[in-house]
Each structure stands twice: as C-alpha cells, then as structure tokens.
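Before any comments, here is the structure.
Sequence lines set the chain letters: A, B, ... in the order given, protein chains first and strands last, and positions in each chain run from 1. Every heavy atom of this structure was used, including side-chain atoms; hydrogens, water molecules and symmetry mates were not. Predicted model only: the values in this text are computed from it and were never measured.
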Number of protein chains: 2
Amino acid sequence: MSNTSVRSIRRGDLARATGCNLETIRYYEKIGIMPDPPRSTKGYRSYDDAHVKRLKFVMRSRDLGFSLEEVRGLLGLVDDRSRTCAEVQIIAEDHLTDVQAKIADLQRIERVLSDTVARCTGDAAPECAVIDALLDA
Amino acid sequence: MSNTSVRSIRRGDLARATGCNLETIRYYEKIGIMPDPPRSTKGYRSYDDAHVKRLKFVMRSRDLGFSLEEVRGLLGLVDDRSRTCAEVQIIAEDHLTDVQAKIADLQRIERVLSDTVARCTGDAAPECAVIDALLDA
DNA sequence: TCTAGGGTCTGTAGTTGATACAGGCTCAAG
DNA sequence: CTTGAGCCTGTATCAACTACAGACCCTAGA
C-alpha cells in the first residue's frame with residue numbers, strides 16, 4: 001500500500017488540489033457543506049485527504065447541476081451509509097427530470113430565437129423582426 | 001376604432017394585466033427598466049396602455065432568457081427607433097449562441113445522470129452507483 | 001358615522017451560490 | 001531583518017427578484 005496520504009494541507013493547497021475557489025471553501029464551511037476543520041496553533045485551517053475527497057464530490061455534484069441543498073442530501077447519504085441506494089436514486093431521478101425539463105425549455109427558446117433572427121434583414125433599417133416579435137407576441 | 005385604452009390603472013392592475021409580480025414592477029422601476037410613472041395626488045402610481053405593452057415586452061424577453069442588461073439593450077432599440085435592425089440582430093444572435101451552449105451542457109449532464117441512475121439497484125443496500133460515481137470519478 | 005378589509009406606499013432584508021476586498025497576522029526565503 | 005506570499009476575519013457585492021413591516025388611503029356595509 002502506498003502511503004501518499006497528505007497529513008495536513010492548508011486552504012490554498014485544498015483549493016489547488018480540487019480546483020475550487022479559495023473563498024468558496026470558506027463559504028462551504030460556513031453553510032455546513034464542508035466541516036469545520038482542525039486548526040493549527042496559529043489558527044490556520046488544516047485539511048487532509050478526506051477533505052479533498054469530500055470537496056471533489058461536492059464540486060462534481062455541483063457540476064452536474066445539483067443544488068447545494070441536493071448536495072447536502074447526497075452528502076448525508078455518504079456520511080450515513082446505513083441509508084439506502086433507493087434514497088439516492090430518488091434524488092438523482094428528480095434531478096434528471098429537472099434537467100430534461102430545462103433542456104425542453106431551452107430548445108423552445110432556441111426555436112423562437114432562431115426563427116426570429118432568420119427573419120432579420122440585418123440592415124440599417126429601423127424595422128426589426130426581433131423587436132416586432134417581442135412587441136406583438 | 002375601438003377606444004378600449006385604459007386611462008389610468010394602478011400597480012395591482014398592471015400586475016394582473018401582465019402576469020408580473022407586484023413587487024417586481026417596483027423593482028423594474030428602481031433599476032430603470034420601467035419608467036417612473038405619473039402619480040395620483042395621494043402618491044399612487046398611475047399606469048396606461050404603453051406601460052402594459054412595455055412590461056409585456058420585458059416579460060417576454062426575460063422568458064426567452066435575455067438578461068436584464070440585454071433587455072435594457074433591446075428596450076433602448078425600441079425607445080430609439082433610429083437605431084438599426086443590425087444591432088438587434090447581434091444581441092439576439094449572441095444570445096442564441098449562449099442558449100445553444102447551455103443546451104449542450106445540459107445534454108452532457110443528462111447523459112451522465114441517466115447512465116448513473118440506470119446502474120442503480122434501487123434497493124435497500126447501502127452501496128450506490130450514483131454515490132460511487134460521484135466519489136470516484 | 002364608524003369600522004373592517006383591501007390596496008398601496010416606503011424602505012429594507014432575505015434568497016442562491018458564490019466572489020471580492022480591507023485590514024491585520026504569520027511564515028519562510030534571502 | 002525585510003519582503004512578499006499566504007492566511008485570518010468580517011463584510012460587501014452580484015443577478016433577479018421576493019417578502020415583509022408599518023403607515024396611509026379608500027370603499028362598502030352596518
């Protein structure tokens with residue numbers, strides 16, 4: 001077994017290790033997404049591998065569009081492994097439904113926009129199909 | 001010609017006529033999206049058909065995903081018709097590009113989510129493909 | 001005439017998910 | 001010993017609203 005585990009890193013190191021913004025780490029701590037880490041004698045935050053892993057989890061979840069409240073729910077399931085796969089599935093499926101609805105909305109918007117832009121003459125005239133569509137719809 | 005034009009309506013009526021939230025009207029006034037309306041002797045805001053039309057324009061634009069800054073730009077073109085169709089086209093095309101990028105992002109997210117959820121057993125076990133994917137990716 | 005209820009007025013605070021900054025410590029290198 | 005980087009804290013800012021408190025005002029009914 002390799003023993004590359006990091007004994008103690010500081011906030012800047014955690015930021016670099018995860019790609020997270022420095023200030024965001026403090027924000028996640030404030031709202032309870034990340035735990036209050038131990039401190040050095042001079043008050044510096046001290047993180048380890050478990051923190052790196054947890055923050056990466058949070059960032060991947062956010063990247064997939066889970067809200068912080070949803071991430072909180074997922075973390076609860078990570079922290080308390082006595083809870084079930086079925087609970088996770090429900091959160092993920094709800095979120096998938098949201099994502100699909102957003103895609104449908106954006107596709108409707110895309111249709112309206114591209115139809116309207118296509119009717120643009122694009123010249124110097126003050127008449128404009130986009131403005132007309134917005135004014136008269 | 002019909003003469004159904006509304007001489008003077010109040011804020012609540014404007015909200016009902018447009019479907020806009022009551023407080024949002026005041027907010028749009030504060031940030032200059034809607035003009036400061038004339039007031040009654042007792043200080044009540046007094047709106048007319050032009051306000052209804054303008055607010056509907058704003059709401060349709062917002063609904064199509066234009067930011068308030070973009071809406072401000074579009075309104076500038078409505079207010080000053082000496083400006084050109086070409087200017088509108090640029091704003092709309094930029095926005096269309098944004099929308100298309102967002103759709104692509106969401107489709108990537110949808111793929112990851114649905115693949116992961118499909119691997120869920122959905123049972124009472126504490127092992128979970130979603131959590132594992134988020135932890136180990 | 002009094003009263004009850006709605007509507008409206010103002011300013012201000014809260015929401016989500018961060019990001020930025022000021023002013024002060026601490027730490028390691030040269 | 002100094003210099004610069006990094007860290008600490010609290011607070012302000014952003015978009016785009018939404019909500020609330022406390023004070024007016026207006027109309028209808030008894």
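- The CD atom of B:Glu69 sits 11.0 Å away from the CD1 atom of B:Ile91 when rounded to the nearest 0.5 Å.
- Annotation: proximity of residues 94-105 of chain A to DNA chain D (heavy atom, distance under 4.0 Å) is found for no residue.
- There is a path of hydrophobic side-chain contacts, each under 4.5 Å, that joins A:Leu96 to B:Ile103.
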I'd like a table of atom pairs between the protein and nucleotides 16-21 of chain D - only N or O on both sides, under 3.5 Å - with the distance next to each one.
residue : atom : partner : partner atom : Å
D:dA16  : OP2  : B:Leu68 : N            : 3.3
D:dA16  : O3'  : B:Arg62 : NH2          : 3.4
D:dC17  : OP2  : B:Tyr28 : OH           : 2.9
D:dC17  : OP2  : B:Arg62 : NE           : 2.7
D:dC17  : OP2  : B:Arg62 : NH2          : 3.4
D:dC17  : O5'  : B:Tyr28 : OH           : 3.3
D:dT18  : OP2  : B:Thr24 : OG1          : 2.8
D:dA19  : N7   : B:Glu23 : OE1          : 3.4
D:dC20  : N4   : B:Glu23 : OE1          : 3.0

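- Residues A:Leu74 and A:Val99 share a single hydrophobic cluster, defined by chaining ILVMFWY side chains whose heavy atoms lie under 4.5 Å apart.
- Screening residues 88-114 of chain B for salt bridge (charged side-chain N to carboxylate O under 4.0 Å, His left out) gives A:Asp63-B:Arg108 as the qualifying pairs, with residues at least two apart or on separate chains.
- First and last contacting nucleotides of DNA chain C toward chain B (any atom under 4.0 angstrom from a heavy atom, 5' to 3' order): C:dG7 to C:dT12.
- At distances below 3.5 Å, at least one donor-acceptor pair connects side-chain atoms of A:Ser67 with backbone N or O atoms of A:Glu70.
- Although no hydrogens or angles enter the test, the distance criterion places a donor-acceptor pair under 3.5 Å between the side chain of A:Asp48 and the main chain of A:His51.
- A continuous path of Ile, Leu, Val, Met, Phe, Trp and Tyr side chains, each step under 4.5 Å between heavy atoms, connects B:Val58 with A:Val112, placing both in one hydrophobic cluster.
- In this structure a side-chain-to-backbone donor-acceptor pair under 3.5 Å is present from B:Thr18 to B:Leu14.
- Under the 4.5 Å side-chain heavy-atom criterion for ILVMFWY residues, no single connected hydrophobic cluster contains both B:Ile109 and A:Ile90.
- Here the OG-CD1 distance, from B:Ser61 to B:Ile33, works out to 9.0 Å after rounding to the nearest 0.5 Å.
- In this structure, B:Phe57 is a member of the same hydrophobic cluster as B:Ile31, with clusters built from ILVMFWY side-chain heavy atoms closer than 4.5 Å.
- Separating the CD atom of B:Glu70 from the P atom of D:dA15 is a distance of 13 Å, rounded to the nearest angstrom.
- Screening residues 21-33 of chain B for salt bridge (charged side-chain N to carboxylate O under 4.0 Å, His left out), with sequence neighbours left out, gives B:Arg11-B:Glu23, B:Glu23-B:Arg26, B:Glu29-B:Arg39, B:Glu29-B:Arg45.
- Of the residues in residues 38-46 of chain A, those placing a heavy atom less than 4.0 Å from an atom of DNA chain C are A:Lys42, A:Tyr44, in numerical order.
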